[in-house]
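Below you'll find the structure, written out as structure tokens, and then a few comments.
Naming: A, B, ... by sequence-line order, numbering from 1 per chain. Just so it is clear, the values below take in all heavy atoms, side chains as well, and ignore hydrogens, waters and symmetry mates.
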Amino acid sequence: MQLEDLQSLTQQALSEIEAAPSADALENLRVQYLGRKGKLPEIMASLKDVAPEDRPAFGQGANAFKVQVTSAIQSRKDDLLSTATPADALDVTLPGNAGQPGSLHPIHQILARVINIFDRIGFNVATGPDVDTVFNNFDALNTPADHPSRDEQDTFYLKDGSLLRTQTSPIQIRHMLNNPPPVRIIAPGRAYRRDTPDATHSATFHQVEGLYVAEKVSMADLKGDLTYFAHEIVGKNTQVRFRPHFFPFTEPSVEVDFTCHVCKGKGCRVCKNSGWIEILGAGMVDPQVFENVGYNPETTSGYAFGMGLERIAMIMLEIDDIRRLYENDARFLRQFA
Amino acid sequence: MLVPLSWLKELIDIPESIEELRDNLTYSGLEVEGIERHGSDFEGLVVAEIIAVDPHPNADKLTLCTVKLNDEERMQVVCGAPNVKVGLKTIYAPVGAVLPTGLKLKKAKIRGVESLGMLCAEDELGLSGDHRGIMELSPDLAPGTPAVEVLGGPEIVFDLEVTPNRPDCLSIIGVARELAALTGRSFRLPEVRFPDVPKNGISMQVDIRDAESCPRYTAQLLEGATVAPSPNWMQQRLRLCGLRPINNLVDITNYVMLETGQPLHAFDRSLIKGDCMIVRPAEAGEIMQTLDGGEQKLQAGDLVIADQERAVALAGIMGGANSEIQDSSSTILVESAAFSPSLVRGTAKRLNLHTDSSYRFARGSDMYAADWASQRASALICELAGAKPAGPLQDVWPGKTPLRTLQCKWHKICDLIGIDIPVSTMRGYFERLDLKILEEHPEGCTLEIPGFRSDLTRPVDLVEEIARLNGLDKIPVRPPHARIVPNVNDFEIRIRIRLMHNLASRGFLESLNYSLSSSEVLNDLDESNRDRQVILPNPISQDQSVLRTSLLPQMVETLAFNKAHQTEEVAFFEIGKTYLQREDGVEEHERVCLGTMGPWKRPLLDKQASVSDREAFTDLRGEVENVLHQLRCTDKVTFVANEDPAFAPGQSAELQCAGNVIGRIGLLSAKIKTRFKLSGPVALAEINLDMLIPERSLPPTMQPVPGFPSITRDVALILDRSKTHQMVLDLVNHQRPKDLVQVTLFDLFESDKLGENKKSMAYRFTYRNPKKTLTDKSVEKMHLRITQRLISELNATIVGQD
């Protein structure tokens, strides 16, 4: 073999490789040119027949053959791998296999958010039993002895005289009875009233309350913390309005409105054109409540607030009937996934 | 409390707009729940007098009324009202008029007779819902008088929510006074023009036998009254406040009650036996007929007003039928008294007799103003019913106490509100509220509380007064500051919230059910706790009469509800409390419940084949294992086959942990599935979180990552179907070689081709030593020992071995 033959062989090999239609054909070419019984050993063997003065050029040509053919095979292999065949093609528009998403119940979604928000300013979560005493549910909370809410018509009593708590406030009482001030808790739970179920009433419902007791806690703290809460749960620029109200366990007592989240306070159907939506009841803990749990009302003060989670969920998620929250219809629940 | 704006305006100037007034009242604590607009200018409508009533030729219930509109005009109108009579003055609407209800009158033939216009009932005029008959107006009115002069023009009525601590605001005067305090404006009481009392006049005696129940009783005798309809302006106001006009005497007592908040009662003196009003406790079993026609059976705790023979009124609630005002009444006794709030509340509640009077007494009336209200009513009776006082007011006040005083400390008020208010400003607020400063010192003052503010009993009650007069909107928004209270442990609720998020991300929907359920559902699905149900003595309905002992029954209901509403595949979880009756009370446990049906876990393109029992069970068991893993309890819990009537036989297990049963899992029994119209495997599991969470392992610490390769051996066992996976594991674990690090089931095949009642289970055994590379030979030795024991003790054969 002469140098010219080697050069034409190289060209032939490169063009054959370039044209190789498949990985198998390419492998055959590799064996044919680079294999143990292929062209490359043949070239190396013919070196000795080349005139000595031509040997360096022939040697370089042999090396070029090896390098170029090897690289061409690799490059053709990459090309073949990156060219799709119809059999490999996927229908990328097929749906994924994630399954239907699950979700927390709307009431618990709201609760989880409320807990998170107050968690950030140092509130711990406190809980208590649903079956509680008349003392914790009424007496300690300064409910007058003949207050209508104590009636059997409004409250579920058990045979032993205990009751299903009518509010989550007994958690506050239990917590204060067991812990000295300062107190900073958020207390979620179920409560029960003998309400006949309708679009806005449910005998079982959820509340969450907050209680902060320390020295010199004021209504300005209450307003500040609830404004923070309003900004977090509804959005920045939400305003908070206090209206005087009456609860037996707080003095002064207020009802708390947020600017309507739908119309931003301009007035709409949701807020009945007032621009405001009632969200919470709140107030400064009544000194009598402090007496009842053994706190000194002269040195401690505090605020408490509470809200109904069903109500908040209904307002924020625009749910029309409270019973939907307990129907557990997957078609309803999946909307909040 | 309904407050007509025009009435309020008589007592206080109102320069502000309706919206401003609404906001002012709301900010003062009298929340405006609604603003109603009543009436209209009644264009075209006039007073008419019925001058003839003839029968309708074609209808028994209709009449042909000829009405006189003025000296010349007569009209014939067909009318269906039962109260038509000659001489009656009523409102006539001509053809073409538009009624406030929007109805436009046209010329019409009614049963073949032409009717030119219409005689109106209150509801047709938008005055009330009353449609019992056409309006009966005062006989003095001249026909042709425009209706607007009689009925008044358009009226705006505020509906206020009065909180139970402010009974003083259950009156127009109270609202005016409140508004005056709030705005700093003055208000004026109505003028009382009480005629001179004759010398040597006569009075009724008053005998209070229970001063605690009745601290004050006043009686005013009036004579020469004429019973007639009350004037239109009064009728109109009563209607706007939701009361029905009756006659001038009754209307005046109601009117003064609305005005002052003091309930009053008028007796016909001639029907009172003797000359003494006795306030006494009722006798047990005493029966009296109230003027609503009801017969009241009294108890010893009730209070009555009696004459010398019998009870004539139920104190503070309702008068008796035996002494009520008649058309012929002329000598009248006006009662204005104070009764114990709790007594009135108790009796009204027991007898279910709730009146405007009992509503006010139950909240507390102002006993210091009882005499003023009596004078106001008596003066009106003299003015409007032609009566004269028979003698002086008889006023017996055994419960008289001096006005309450309160100590006020300026800085305490400011501290609690969180704002510095100058003392002079606070002093001004107290003055506006009629709280009299008796003495003052640098730190505070002593205040005298007026009788109408029964809610101000403690120094702290003054804070709200200052806060709201100063404006709750002026309270600064103090930026929140985080404050850590150490040593409060709330990790358990946080674990629960984390578990909720975990289950939701695995595709479960969270359901929430009532805590109350029915015995019937609980009995079948939570048999083991049947005797421990907490049953409510006073449920609202049978299906919410028992506290749930388990979450599982309601889970079945939830799945059934969804099945019935076209949801075929779904996974639900609920985390909530369950309740068990114990000797010393109710034990509450929080549980998690899982419930699935349909191919919910299958890949999208693999949902057609029906779900087998084994698939449903193992899928759910996998989810239970996930819960156990989340709670770091995987190694603490074992699944033990059991029998549970909720589940299909042989398809359930209980979860045991530290010697206790902490949960159960299974496929719903065919019987219960039929009852709930469910089909296909329904998989359910329930775990008691309160029993499980205390068993949690500590958080993991690092273990050495394997440094040497492992060697695996696969074994396919052919076994009787009765042999369980657990039996294989137990056998392997007994005398388990140290280097056997893992045993995994990777194939399960059941077929009679393997032999009758046989199955094949294939396991992969993984061997590894932490300190060296194992040789095939040493593994073979360990493995052989295990397989031989499997063969001999489980009666297994090994595929590929003889």
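In this structure, the side chain of Lys272(A) does not engage the main chain of Gly34(B) through any donor-acceptor pair within 3.5 Å.
Among all heavy-atom pairs drawn from Ser342(B) and Asp146(A), the shortest one is CB-OD2, 2.8 Å. Heavy-atom minimum distance, Arg334(A) versus Val570(B): NH2-CG2, 3.6 Å. Contact record, Arg468(B) with Pro244(A): CB-CG, 3.9 Å, taken as the closest heavy-atom pair. When all heavy atoms are compared, the tightest approach of Val485(B) to Pro182(A) is CG1-O, 3.5 Å. The two residues Val131(A) and Glu588(B) make their nearest non-hydrogen contact at N-OE2, 2.7 Å. Heavy atoms only, all atoms of each residue included: Lys223(A) and Lys474(B) are closest at NZ-N, 4.4 Å.
For chain B, the nearby parts of Arg243(A) are the backbone and the side chain; heavy atoms of each come within less than 4.5 Å. For chain B, the nearby part of Leu164(A) is the side chain; its heavy atoms alone come within less than 4.5 Å. Neither the backbone nor the side chain of Pro144(A) comes within contact range of chain B; no heavy atoms are under 4.5 Å apart. Only the side chain of Glu161(B) has a heavy atom closer than 4.5 Å to any heavy atom of chain A. Using a 4.5 Å cut-off between heavy atoms, Ile115(A) touches chain B through its side chain atoms alone. Only the backbone of Pro101(A) comes within contact range of chain B, with heavy atoms under 4.5 Å apart. Interface remark: Ser28(B) contributes backbone atoms only to the contact with chain A (heavy atom separation under 4.5 Å). Of the atoms belonging to Val463(B), heavy atoms from both backbone and side chain fall under 4.5 Å from chain A. Only the side chain of Asp119(A) comes within contact range of chain B, with at least one heavy atom under 4.5 Å from a heavy atom of that chain. For Glu327(A), the parts lying near chain B are the backbone and the side chain together; criterion is any non-hydrogen pair under 4.5 Å. For chain B, the nearby part of Thr155(A) is the backbone; its heavy atoms alone come within less than 4.5 Å. Glu31(B) touches chain A through its side chain: at least one heavy atom from C-beta onward sits under 4.5 Å away, while N, CA, C and O do not. Using a 4.5 Å cut-off between heavy atoms, Ser505(B) makes no contact with chain A at all. At a 4.5 Å heavy-atom cutoff, the contact between Ser103(A) and chain B is made by backbone and side-chain atoms alike. Only the side chain of Glu278(A) comes within less than 4.5 Å of a heavy atom of chain B; its backbone N, CA, C and O stay farther away. With a 4.5 angstrom heavy-atom cutoff, Ile540(B) touches chain A via backbone and side-chain atoms both. Only the backbone of Val217(A) has a heavy atom closer than 4.5 Å to any heavy atom of chain B. With a 4.5 angstrom heavy-atom cutoff, Arg194(A) touches chain B via backbone and side-chain atoms both. For Phe229(A), no part lies near chain B; criterion is any non-hydrogen pair under 4.5 Å. Only the backbone of Pro539(B) comes within less than 4.5 Å of a heavy atom of chain A; no side-chain atom from C-beta onward does. For Phe561(B), the part lying under 4.5 angstrom from a heavy atom of chain A is the side chain only. With a 4.5 angstrom heavy-atom cutoff, Tyr212(A) touches chain B only via side-chain atoms.
The environment of Asp198(A) atom CG is dense: over 12 non-hydrogen atoms of other residues, nucleotides or ligands sit within 6.0 angstrom. More than 12 non-hydrogen atoms from other residues, nucleotides or ligands lie less than 6.0 angstrom from CD of Glu291(A).
Top candidate by heavy-atom pairs under 4.5 Å with chain B, chosen from Pro106(A), Gly122(A), Gly96(A), is Gly122(A). Ranked by non-hydrogen atom pairs under 4.5 Å with chain A, the options Asp461(B), Asp473(B), Asp455(B) are led by Asp461(B). Ranking Arg506(B), Lys601(B), Arg494(B), Gln544(B) against chain A, the residue ahead of the rest is Arg494(B), based on heavy-atom pairs under 4.5 Å. Taking chain B as the reference chain and counting heavy-atom pairs below 4.5 Å, the highest number among Phe118(A), Phe242(A), Phe123(A) is found for Phe242(A). When the candidates Asn538(B), Asn562(B), Ile475(B), Val586(B) are compared by the number of heavy-atom contacts under 4.5 Å with chain A, Asn538(B) comes out ahead. Interface check for chain A: of the options Thr558(B), Val534(B), Asn513(B), the most heavy-atom pairs under 4.5 Å are formed by Asn513(B). Top candidate by heavy-atom pairs under 4.5 Å with chain A, chosen from Ile417(B), Leu536(B), Thr567(B), is Ile417(B). Of the listed residues Leu30(B), Leu503(B), Ile493(B), Ile484(B), the one with more heavy-atom pairs under 4.5 angstrom with chain A than any other is Ile493(B).
Distance check, rounded to the nearest 0.5 Å: CG of Leu104(A) to CZ of Phe573(B) gives 5.0 Å. From Arg483(B), atom CZ reaches atom CD1 of Ile121(A) across 12.5 Å, with rounding to the nearest 0.5 Å. We find the NE2-CD distance between His105(A) and Glu574(B) to be 8.5 Å, quoted to the nearest 0.5 Å. To the nearest 0.5 Å, atoms OG1 (Thr204(A)) and CZ (Arg548(B)) are separated by 8.0 Å. Put simply, NZ on Lys577(B) and CG on Asp130(A) are 3.5 Å apart, with the number rounded to the nearest 0.5 Å. Summarising the geometry, atom CG belonging to Asn97(A) is positioned 9.0 Å from atom CG belonging to Asp606(B); distances are rounded to the nearest 0.5 Å.
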Assess whether salt bridge (Lys or Arg N to Asp or Glu O under 4.0 Å) is satisfied between Glu298(A) and Lys412(B), documenting all intermediate values. CA-CA 10 Å; Glu298(A) 291 300 315; Lys412(B) 286 227 139 192; 3.0 Å; yes
Step by step, would you call Arg496(B) with Thr127(A) a side chain to side chain contact (heavy atoms under 4.5 Å, CB included)? CA-CA 13 Å; Arg496(B) 285 161 171 76; Thr127(A) 54; over 6 Å; no
Hey, mind stepping through Leu512(B) and His206(A) against side chain to side chain contact (heavy atoms under 4.5 Å, CB included) and telling me if it holds? CA-CA 11 Å; Leu512(B) 278 184; His206(A) 292 74; 4.0 Å; yes
Applying side chain to side chain contact (heavy atoms under 4.5 Å, CB included) to Ile575(B) and His108(A), what does each step give before you reach the verdict? CA-CA 10 Å; Ile575(B) 292 181; His108(A) 279 160; 5.8 Å; no
Leu472(B) vs Val254(A), side chain to side chain contact (heavy atoms under 4.5 Å, CB included): CA-CA, chis, key distance, verdict: CA-CA 9 Å; Leu472(B) 295 184; Val254(A) 291; 3.8 Å; yes
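In this structure the side chain of Leu333(A) never reaches within 4.5 angstrom of the side chain of Glu510(B), judged on heavy atoms. Two residues are said to be in side-chain contact when any heavy atoms from C-beta on lie closer than 4.5 Å; Asp151(A) and Lys349(B) meet this criterion. Counting heavy atoms from C-beta outward, Met219(A) and Ile419(B) have side chains that stay 4.5 Å or more apart.
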